[in-house]
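Data first, discussion second: the structure below is written as structure tokens.
Each chain gets a letter, A, B and so on, in the order the sequences are listed, and its residues count up from 1.
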Amino acid sequence: MSIGAHAPGWEWYYIGLYFFFGGVSAGAYFIGSLAEFFGGARHRGISRTAFYIAFPTLLVTPPLLIGDLGQPLRFWHLLFDARSGFPYVNFSSPMSVGSWALVLYGAMTLLSFLDNLVSEGKIDSAPFARLYSRFPRKLYAAVGSAAGFFIAGYTGVLLNVTARPLWALTDPLVGALFTVSAGSTGAAAIFLVMTWRRVHPAAELEEFERFDRIVKVLEIALAIGIVIAAGKYAGVLFRGPYAVMFWGGAIFLGTMVPLTANWYAHLAGRHARSEAVAVLMACLVLFGGLLLRISLVQAGQL
Amino acid sequence: MPKGMFVDTTVCIGCKACQVACKQWNGLPGDPGDFREDPAEKIPVAVNFTGNSYDNTADLTGTNWRHVMFIEQFPENRSGGRWLISSDSCKHCNDAGCLNACPTGAIVRTDLGNVVVRQDVCIGCKYCLPSCPFGVVSFSHLTGTARKCTLCDDRIHNNLGTACAKACPTGSIAYGEVADLKKRADARLARLKSLGHDKANLYGYKEAGGLNVFYLFLDSPTVYGQPERPVVPQGRLVLSSAVTVAGALAVGAAALVAFRERGQVEPGEEEVGK
Amino acid sequence: MGSNMAECHPVAFRWPLQAKTGHGAVLMHVDPRFTRTSALCDVHVAIRAGSDIAFLGGLIRHVLGSERWNKDPFFREYAVNFTNAATLVSPDYKDTEDLDGVFSGLSPDGKKYDNASWAYQREKPPAPPAGKPATLSDLLLRKVPGRPKTDPSLSNPRCVLQVVRRHYARYTPEMVERVCGCSKEGFLQVANTLLENSGREKTSNITYAVGWTQHTVGVQIIRTAAMLQALLGNIGRPGGGVLALRGHATIQGSTDIATLYHSLPGYLNMPDARKAHDTLKEFVVMEAAPVATSFWGNYPKFAVSYLKAQFGEAATEANDYGYDYHPKITGDHSHMPMFIAIAEGKIKGLLVMGQNPAVGGQNARYQRKALAKLDWLVVRDFFETETAAFWRNSPEVRSGELVPKDIKTEVFFLPAAALPEMEGTFTNTQRLVQAHDKAVDPPDEARSDTWFTYHLGKLLKPMYKDTADPRGWAIRNLTWEYEPEPREVAAWRVKDEPSAYKILKEINGYTVADGKPLPTFAALKEDGSTACGAWIYGGIIPEEGKNRAASRKGDAWISPGWGFAWPGNRHIMYNRASADAGGRPWSERKKLVYWDPNADSGTKDPKGNPVPGKWVAPSGEGIDFQVTKPPAFRGKDLALGFDGLSGNDAFIMRGDGKAWLFAPSGLVDGPLPTHYEPYESPVRNPLYAQQSNPVAKVWKVEGNPYHKTADPQFPIVLSTYRLTEHHLSGTMSRWLPWLAELMPELFCEISPELAGEKGIRNGEYVTIRTARGEVQARALVTRRMRPFRVDGKVVHQVGLPWHWGWQGSAHGDVVNNLTPLVGDPNVSIHEGKVLTCDIKAGKRGGGAQHA
């Protein structure tokens with residue numbers, strides 16, 4: 001007999017996708033904020049792009065989360081007590097704290113997004129602009145980053161702090177993995193948008209790649225650690241569709257290939273860097289990040 | 001004083017009256033997943049034969065809140081063979097994984113110690129499902145919410161016992177004050193041990209902060225499909241969060257290293273943005 | 001044995017379990033399968049289906065040869081005083097040991113026994129009384145035989161004990177192992193446990209159900225157990241006895257009030273046109289004379305009062321109380337031959353109430369096809385049962401064998417009320433009658449069977465008003481007045497439900513003159529002044545308005561204030577035997593009924609002084625004996641009923657007042673149970689040349705082929721049985737989703753050894769086949785089934801629960817498609833518990849094995 005903790009029955013097109021978009025948004029915002037804080041004028045392009053990415057990618061997520069609910073119209077119970085109407089939080093539940101973090105993070109990314117629009121003159125309204133310049137940009141970047149970190153990593157903690165064997169055994173690594181992956185996918189997203197907007201001096205590219213070299217190693221180390229920690233439950237990651245997604249998609253295409261291209265370009269010098277390849281690599285990183293989350297969330301439900 | 005149930009599996013005859021009484025009292029239908037419609041007669045026909053001994057229920061679900069399991073232990077020569085039978089339901093843990101995980105406060109503990117999912121509050125996020133180490137709470141597509149045994153919350157708050165205890169013909173399921181039930185259970189265990197059942201054990205005195213619905217087993221809990229050492233997963237929250245924060249700091253450090261100002265602007269580069 | 005109490009009587013099973021957990025009673029289960037009962041018992045011994053008499057006979061031999069039985073004086077004392085162990089049997093008697101498996105008296109064609117050679121040796125009959133006989137009782141008195149001759153030393157080779165000893169001499173533990181396929185050690189464990197737990201201080205009980213009854217030797221199996229318990233001194237004592245677990249709720253009541261074709265209410269015999277039953281006198285004398293020196297000596301009172309209850313005022317002494325118009329049977333009208341008659345077109349119409357022969361009938365295909373021969377069929381039930389639907393979607397219709405438009409049967413399906421929708425009584429397994437109230441009206445036009453029968457009678461009676469046919473007399477004059485009092489129906493929508501009280505009162509009995517209920521059956525008379533539907537229920541309504549079946553005072557033991565246990569609220573029958581010959585309790589611990597020499601008997605001597613001494617039962621238990629008869633009393637030689645019985649004749653329903661180890665009469669297939677193989681068996685009888693019961697009821701008709709013994713085509717033993725989750729043919733359970741999902745599909749329990757041989761995998765389809773038909777089932781491969789080693793060869797056994805049909809929410813093939821029409825010769829019960837078959841992997845008709 002073996003009956004264990006039940007699988008929640010989360011669909012990949014709701015929850016897996018949410019983890020992905022949340023991670024991209026948070027990662028991008030974080031990098032953008034760092035660029036805002038520590039970067040010079042040269043990094044304004046990065047932070048501007050990041051703040052353009054963060055809010056829209058985040059906006060995708062509430063429909064995904066609400067769609068997965070059995071009682072979608074009651075989603076507001078996540079924030080307010082159903083009977084009394086008072087704000088509610090359950091600190092032992094990552095989902096509960098995460099709901100508030102999403103609200104806070106969402107507010108901050110919205111502010112940053114609007115700030116971009118005002119700065120670039122896309123919103124004409126002068127009073128609006130004045131209102132904006134009142135709030136210190138760095139303040140909400142800071143708050144947003146902290147909340148963003150939470151968004152990036154809490155979903156992994158959410159999985160780890162359950163009794164599903166794959167998720168329980170891989171505790172406490174999945175949160176860290178998702179955070180690191182968020183950084184990686186966020187960076188890739190920023191790079192892609194900058195390329196699309198044609199604001200990509202070579203120097204930024206090099207910084208992205210430097211960032212990626214570090215982060216990808218962390219990712220691989222954490223992924224290996226997770227597989228080892230899963231022990232006999234790692235089987236779901238070695239057989240079936242999620243094995244392909246995890247090893248083929250997340251590890252190989254999403255991590256090893258970009259990392260290899262990265263080192264190759266780094267060692268071969270700047271002249272060997274091709275924009276097309278870099279774009280492809282960024283796409284693979286994003287694709288890999290998506291499959292990483294889907295495979296871990298779905299394989300844990302088998 | 002908390003109320004609960006003592007399940008003495010050594011007198012369970014596997015009749016499943018508890019399963020049916022539970023469904024009747026709680027107005028639960030046959031599990032939708034068990035039925036297909038007969039095209040000729042237009043009525044639902046049960047198709048859930050499992051081949052697993054006499055257990056066709058297989059698991060607790062959103063519509064099966066009680067489940068009788070059958071474990072056949074027969075050596076090839078049949079000597080000393082036995083058929084262990086046990087009914088199972090929510091344990092109403094004193095430290096409940098489902099309650100800890102619920103993000104809306106839908107899952108609460110009443111004044112009698114039982115844990116209930118408030119059906120008007122639950123949003124059906126399903127996070128409680130993987131949070132129960134015993135695999136109890138389940139999602140019901142019929143209501144769009146998480147559902148499980150309520151310890152007959154309405155009955156026990158009106159001085160009645162649980163429906164399953166009332167229906168049980170042999171008294172295998174007994175409802176009452178947990179403290180009193182434990183005395184009975186201790187006596188039963190002592191008697192079984194004196195008769196030579198050295199693997200007999202009481203399950204639920206220490207597990208998950210103490211289970212208000214606890215069991216007398218003749219063999220290790222894993223034989224009965226229960227985790228030997230169940231862990232309330234929220235206990236890992238602090239460490240998990242800490243390591244995640246460390247991960248975040250690592251990403252931060254990587255970004256700082258990667259995106260630092262490299263001195264003067266290189267010739268040929270243009271400023272972007274502002 | 002012969003039962004699965006935990007699964008089929010789960011509520012009652014809590015009592016044996018309490019005995020086990022509370023004070024260490026040992027529970028033993030001897031059964032072909034390891035069931036949910038076995039799971040809760042201390043000991044399980046597996047025996048081959050149909051070998052129960054070999055096992056029980058082995059127990060008898062072991063007990064009689066044991067040191068304990070021979071040394072502890074209790075056993076001999078009980079045997080000599082309370083059983084016919086000392087009685088001498090006719091010198092003409094020849095045992096199965098002499099005739100290699102048959103008894104003396106078998107007809108040349110081997111189909112019928114004449115039991116003359118089984119009779120007791122008797123003294124000369126007493127001189128008849130002077131004068132002409134005036135009453136039926138007077139007639140019976142003139143037939144009183146001489147007392148049986150006895151040898152209390154039990155040494156005469158013709159005494160019953162020695163005859164029994166010799167009969168079972170070859171039922172050694174080795175033979176038991178050889179015939180039953182169980183281990184010697186297992187057998188001896190059961191035997192010694194029984195022996196150790198019988199005696200003065202302890203008693204043991206044997207409980208059985210249809211695992212024993214549904215055999216061609218069904219009655220004899222039960223007899224063996226009764227003999228064993230009598231030898232162990234367990235009868236009439238608390239914690240002892242033989243308990244029959246009746247099947248349906250209130251089936252005990254069903255046989256009490258005689259839905260059986262061959263008996264009248266209260267277990268009177270049915271007048272039979274084949275016998276010398278032409279007049280009431282002949283009927284009573286023929287049926288009662290053999291038993292008149294027992295309490296059955298009151299037969300005339302029972303019979304006349306019954307006729308008065310049936311025909312009321314029209315029944316007078318002048319017309320023999322209507323006896324001439326009372327229906328008489330002309331043969332075996334039990335279920336199986338009835339369906340053969342239907343198949344042969346001899347029966348035009350059938351009323352089926354709460355029964356489902358399309359699934360529950362033996363050789364179900366035969367029975368379903370027979371239904372198509374009727375002119376009309378009325379089915380009353382809650383759901384459209386397979387019987388009600390046979391004409392449109394049975395397997396025979398689906399296969400084209402029967403074509404609906406060619407079936408001329410007019411089928412009426414009437415909705416029946418469910419249990420809570422009617423008032424009445426239940427009589428359950430231990431003869432306990434409990435009243436139950438109506439809780440709610442039936443929906444729409446559903447009505448109870450009582451309502452239906454009553455109103456059918458009301459419609460029929462006027463139709464026979466002017467008929468010249470003498471048979472019309474009976475219907476015209478049937479007492480049929482059960483209109484409800486207004487207060488009985490005030491709360492209900494259905495206003496014309498007959499009065500359950502009036503019906504019960506008629507069953508209880510009343511004085512004709514004033515209609516007052518009779519307080520006990522002792523008040524019955526044979527002069528037509530009393531009427532009584534069923535004498536055994538006498539006293540259930542002791543006075544107007546008081547229904548003892550409705551009383552609800554319980555206690556921890558006998559609970560005399562709870563319901564009414566017929567007869568006379570006696571819970572343990574023959575409880576005189578709970579005291580020794582002198583009337584003293586066998587032990588303080590097992591005290592139940594005993595003689596108190598100082599208690600006021602309530603009678604007075606000629607001088608008017610109170611006579612001391614009576615039987616007492618402090619627990620409130622009804623005393624199954626004449627309360628004032630002293631233990632030393634010697635019954636009169638020329639007497640009927642109680643007067644002829646002595647102070648230690650505890651078994652008051654037997655002519656000699658003793659428990660019958662040897663049955664000189666009453667059973668058509670022998671005075672002693674003998675191991676016969678089931679009618680279909682894979683092995684030759686290891687004990688005798690006679691293979692199976694020589695007088696078993698068989699019907700060699702087309703469509704009912706039997707398998708030969710050890711037929712290589714059908715080498716596997718098949719047993720059919722029930723589960724807790726479903727009820728019989730599934731008419732009440734397969735329509736409920738809650739139950740359908742517990743046991744959704746027909747499955748076959750197979751041992752891994754057999755599964756391995758046949759390439760059968762758990763959960764996949766198998767087909768089981770006999771000469772009567774084929775069914776497919778899911779394979780449940782389990783070690784709870786096992787192969788047996790019988791007479792040196794391996795015999796496999798499979799099992800099929802038979803609840804499934806094609807209607808409702810749980811579908812499966814009809815298992816009874818496999819069984820033949822064959823039955824016990826005493827009571828015509830079908831042999832459903834054991835037959836032979838073959839099994840193979842794959843679906844019926846050769847489909848693939850996987851589900």
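Proximity to chain B is limited to the side chain of A:Asp171, based on heavy atoms less than 4.5 angstrom apart. Contacts of A:Ala7 with chain B are made by backbone atoms alone, with heavy-atom separations under 4.5 Å and no side-chain atom involved. In this structure, the portions of A:Leu78 lying under 4.5 Å from any heavy atom of chain B include both its backbone and its side chain. Only the backbone of B:Val136 comes within contact range of chain A, judged by heavy atoms closer than 4.5 Å. For B:Cys132, the part lying under 4.5 angstrom from a heavy atom of chain A is the backbone only. Of the two parts of B:Ala246, neither the backbone nor the side chain holds a non-hydrogen atom closer than 4.5 Å to a non-hydrogen atom of chain A. With a threshold of 4.5 angstrom between heavy atoms, B:Glu72 does not approach chain A through any atom at all. Looking at B:Val137, only its backbone comes within 4.5 Å of chain A, counting heavy atoms on both sides. Within the 4.5 angstrom heavy-atom criterion, only backbone atoms of A:Phe91 (N, CA, C, O) approach chain B.
Put simply, of A:Leu218, A:Thr179, A:Ile15, A:Asp212, the one with the most heavy-atom pairs under 4.5 Å next to chain B is A:Thr179. Ranking A:Ala176, A:Ser184, A:Gly300 against chain B, the residue ahead of the rest is A:Ala176, based on heavy-atom pairs under 4.5 Å. Among the candidates B:Ser131, B:Cys125, B:Ser240, B:Ser241, the residue making the largest number of heavy-atom pairs closer than 4.5 Å to chain A is B:Ser240. Ranking B:Ala253, B:Cys122, B:Gly235, B:Ala242 against chain A, the residue ahead of the rest is B:Cys122, based on heavy-atom pairs under 4.5 Å. Between chain A and the options B:Cys102, B:Gly97, B:Ala146, heavy-atom pairs under 4.5 Å are most frequent for B:Cys102. Most heavy-atom pairs under 4.5 Å with chain A, from the set B:Gly144, B:Gly247, B:Gly105, B:Ala106: that is B:Gly144. For the options A:Asp68, A:Val180, A:Ile66, heavy-atom pairs under 4.5 Å to chain B are most numerous at A:Asp68. Across A:Asn90, A:Ile214, A:Leu69, the residue that shares the most heavy-atom pairs under 4.5 angstrom with chain B is A:Leu69.
Between the side chain of B:Tyr127 and the backbone N or O of A:Leu158 there is at least one donor-acceptor pair closer than 3.5 Å. Using a distance-only test at 3.5 Å, with no hydrogens or angles considered, no donor-acceptor pair links the side chain of A:His77 to the main chain of B:Ile123. Within the 3.5 Å criterion, the main-chain N or O of B:Ala101 finds a donor-acceptor partner in the side chain of A:Ser93. At least one donor-acceptor pair under 3.5 Å links the side chain of B:Arg236 to the backbone N or O of A:Asn160. Judged by distance alone, with hydrogens and angles left aside, the side-chain atoms of A:Gln71 form a donor-acceptor pair with the main-chain N or O of B:Thr143 at under 3.5 Å. Not a single donor-acceptor pair under 3.5 Å links the side chain of B:Asn100 to the backbone N or O of A:Ser92.
The shortest heavy-atom contact between A:Trp167 and B:Pro130 is CZ3-CB, 4.1 Å. A pairwise comparison of heavy atoms in B:Val251 and A:Gly183 identifies CG1-CA, 4.3 Å as the closest pair. Between A:Pro94 and B:Leu237, the closest heavy-atom pair is CG-CD1, 3.8 Å. Annotation for A:Phe30 and B:Ala255: closest pair CE2-CB, 4.5 Å, computed over non-hydrogen atoms. Of all heavy-atom pairs spanning A:Gly70 and B:Lys126, the tightest one is N-NZ, 4.4 Å. In terms of heavy-atom proximity, A:Pro172 sits nearest to B:Val243 at O-CG1, 3.3 Å.
Applying the 6.0 Å contact sphere to NE2 of B:His157 captures more than 12 heavy atoms from other residues, nucleotides or ligands. In this structure, B:Phe74 places its CZ atom where more than 12 heavy-atom neighbours from other residues, nucleotides or ligands lie under 6.0 Å away. By the 6.0 Å contact criterion, CH2 on A:Trp10 is enclosed, its count of non-hydrogen atoms from other residues, nucleotides or ligands being greater than 12.
Proximity of A:His6 to B:Asp59: side-chain heavy atoms (C-beta onward) are separated by under 4.5 Å at one or more points. Between A:Gln301 and B:Leu129 the shortest side-chain heavy-atom distance does not fall below 4.5 Å.
Distance check, rounded to the nearest 0.5 Å: OG1 of B:Thr104 to CH2 of A:Trp76 gives 10.0 Å. To the nearest 0.5 Å, atom OG1 of residue B:Thr244 and atom CZ of residue A:Phe149 are 11.0 Å apart.
Checked for salt-bridge contact, A:Arg83 and B:Asp120 meet the test: a charged N lies under 4.0 Å from a carboxylate O.
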